[in-house]
Amino acid sequence: NTPLDAYQEVLFGAVWDLLHTPMHGVSLNEIPPTQVMQEMEFLYPYGDGMMKGFADLVFEWKNKYYLYFIH
């Protein structure tokens, strides 16, 4: 019973597409949950200081790491 009930079919379709759309040869539904980190904090040298932020999704696939940021 939320205002989103009317959009349930559309939202389900969007999430389904997100999980099953290939990105760099892999779909998110193929990645074991043990290889996925959400909201991973990072510090990165930037100029004279450090940039701090959060990666929305980080996962490892075939010995490569992928970072996704939603903005």
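Keep in mind that the numbers below use all heavy atoms, side chains included, and drop hydrogens, waters and symmetry copies.
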What distance do M37 atom CE and E60 atom CD have between them, rounded to the nearest 0.5 Å? 9.5 Å
What's the separation between atom CD in Q38 and atom CG in L57, rounded to the nearest 0.5 Å? 7.0 Å
Do D17 side-chain atoms and A14 backbone N/O form a donor-acceptor pair below 3.5 Å? no
Would you find a donor on one side and an acceptor on the other, under 3.5 Å apart, between the side chain of Q35 and the backbone of F59? no
Residue pair I31 / V26, side-chain heavy-atom distance below 4.5 Å: yes
Can you check whether Y44 reaches K52 side chain to side chain, under 4.5 Å on heavy atoms? no
Looking at [X] and [Y], what are the two nearest heavy atoms and their distance?
X   : Y   : result
Y46 : M51 : CB-CB, 4.0 Å
S27 : L19 : CB-O, 3.5 Å
P45 : M50 : CA-SD, 3.7 Å
W61 : E30 : CZ3-O, 3.8 Å
A55 : V58 : CB-CG2, 3.6 Å
L18 : L28 : O-CD1, 4.0 Å

Evaluate the ring pair (Phe, Tyr, Trp, His ring centres under 6.0 Å) criterion for residues F42 and F69: first the C-alpha distance (whole Å), next the side-chain angles of each, then the deciding distance (0.1 Å), finally the verdict. CA-CA 12 Å; F42 66 86; F69 300 89; 5.8 Å; yes
When hydrophobic residues are tied together by side-chain contacts of less than 4.5 Å, even through go-betweens, does L43 share a cluster with Y65? no
Do other residues, nucleotides or ligands put more than 12 heavy atoms under 6.0 Å from the OH atom of Y7? no
Does atom CD of Q8 have more than 12 heavy-atom neighbours, drawn from other residues, nucleotides or ligands, at distances under 6.0 Å? no
Take Y66 and M23, measure what side-chain contact (heavy atoms from CB on, under 4.5 Å) needs, and give me the verdict at the end. CA-CA 10 Å; Y66 296 86; M23 299 179 294; over 6 Å; no
